[in-house]
Every structure is written in C-alpha cells, then in structure tokens.
Amino acid sequence: MRSLLVNIDHVATLRNARGETVPDPVHAAIVAEKAGASGIVFHLREDRRHIRDEDVHRLRRVVKGLFDFEMAATDEMIKICIDTKADLVTLVPESREELTTEGGLDMKKVREDYRKRVFPQFKKAGIAISLFVDPEEADIAIAAELEAEAVELHTGTYATADTDARRRVELDRLRSAAIQAHELGMKVNAGHGLNFDNIQPFLDHVPHLADISIGHALIADAVFSGLENSVRRMADIIAE
Ligand code: PXP
C-alpha cells in the first residue's frame, strides 16, 4: 500500500535561520502524523545545516510511525542511526556544496564499500536499508545484489522536466525501475521534488509504490494555507 512520509528538514531550516527554537521540526512531525503521514523522514547532514543531533533524539521519542533516517554512509552517521534504532535508513550521496540531494547513489562506486563496511552494520542492528537510486537498470540490480530491503527512486529529474515529452520519458524510466525493483523483491519507495502538480501523473504511471517522501512542497504549501489565519489572528489582537 502507498503511504506518505513527511520530510521535516525545511522546518528546521526556518528555525535555524533565526537561531530560535521555533518552528520546531518535532512539532511538525507530530502534526504531520496526526494529519495522516505514515511516518517521518529527516536528513542529518554532516554540516547539520537543518536537523541537529538533539532533534533526532527528540524525534525518536515522539514519532509513532516509520522513523526513516536519511543520511550519507559515514561512520559517524552509521553510529548515530544505530544508536537511535531507526526503523529504516535511507542512504544518499551527500556533498557540502549541494543545496539538496542532487541525484541517486553512484552504485558502482559505493558497491564494495557498502557490501563490506556499511550493510553488515545495519543488518546486525536489524535496521532495514533503502538506497536512493536513479531509475537505472544497472543501479537497481546492484541494490538487489546487496540485499537492500528497498530502493527509493529519485523523482527529481521527473519533477524538473520542463516539457511534456521529457516528463513522459522520465515517467517511463520510473515505471520500468519500479517494476524491476519489485520483481527483484525490493520495496519501491520514491521521492524528491514531488508536489501537488506532479504527484498524480506519477502515481498513475508508476506501480508498486510504497513510501513516498515529500518535504519542500508541503512546507511551501503550508506557508500559504496558514498565513491568512496567522495574519488575521495578529491583526485582531493589535486592533483590539
Ligand atoms: N528523498 C530524498 C532522498 C531526499 O534527499 C529528499 C530531500 O531531502 C526528499 C526525498 C524530499 O524531497 P523534497 O523536499 O523535494 O520533497
């Protein structure tokens, strides 16, 4: 069954912009789960630009659904992820310069390191592994060979495609990748750049989907679904 995982990183970005305690990403996680999210995903980055270590521990205490820890496979992150007993780890490439995750893992490059160093630690800890991959046949095959429980298909190229023809090509690639991953026995997760405009064609075209991670579009939409109320409340107080 398909379900929504809400990525709360951007709530932390807003908090950190002012060095304040609000908006609190943990509060966002509680609201998201109450509203129907089946779990929460966050990316603890090496530079801690949004989510911080203490957020992870606080989130672990309140999240009731799936606790999906997105991270680069560094020794530091592996230790934090195992210590917090995440339900799922989503491994992504990470570079300091990027504004957001820019693409799937280079599976050929990480294959041996993951096999020898990374997978054994998560397997021993009983944490399921999802690999963030581009919808490429060779990458999905390596994910299966490593015995990943899931792949998260990178939907960013679909989301940024600027013509109908390109969008169709990307949807076909995602569809083939989803079928391949499913036939190889892996769960098919997906995410990056999905929003209220592009989600329906994606759902209509791509089978076997499980957890779909969405962050930026939800936080962006929430500003405008909430701003009117907030301004009215404050204007009423001031006018009284
Ligand atoms: N999945 C992964 C692996 C990501 O890195 C991100 C962005 O943090 C998302 C999903 C969510 O993407 P967006 O914020 O564009 O919805």
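For this chain, numbers begin at 1 and follow the sequence in order. Just so you know, ligand 1 is whichever comes first in the structure, and atom 1 is the first atom listed for that ligand.
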As a test of reading the model: which N/O atoms of the protein lie under 3.5 Å from N/O atoms of ligand 1, and at what distance?
unit_1: ligand 1; atom_1: 1 (N); unit_2: E152; atom_2: OE2; d: 2.5
unit_1: ligand 1; atom_1: 5 (O); unit_2: E70; atom_2: OE2; d: 2.6
unit_1: ligand 1; atom_1: 5 (O); unit_2: T101; atom_2: OG1; d: 2.8
unit_1: ligand 1; atom_1: 8 (O); unit_2: N7; atom_2: ND2; d: 3.4
unit_1: ligand 1; atom_1: 14 (O); unit_2: H216; atom_2: N; d: 2.9
unit_1: ligand 1; atom_1: 15 (O); unit_2: G193; atom_2: N; d: 2.8
unit_1: ligand 1; atom_1: 16 (O); unit_2: G215; atom_2: N; d: 2.8

Problem - Residues, nucleotides or ligands: over 12 heavy atoms within 6.0 Å of E137 CD - result: no
Exercise for the section: Determine the sole option in L91, I142, T90 for which the side chain to side chain contact (heavy atoms under 4.5 Å, CB included) test with L131 is passed. Expected result: L91
Exercise for the section: Hey, can you tell me if H192 and F132 have their rings parallel, tilted or perpendicular (30° and 60° cut-offs)? Expected result: tilted
Problem - V133 side chain near E152 side chain, heavy-atom distance below 4.5 Å - result: no
Completion exercise
For R52, the salt bridge (charged side-chain N to carboxylate O under 4.0 Å, His left out) test, sequence neighbours excluded, returns none
Handout entry: Cation-pi check, R60 onto F67 ring (under 6.0 Å, within 45° of axis)
Key = yes
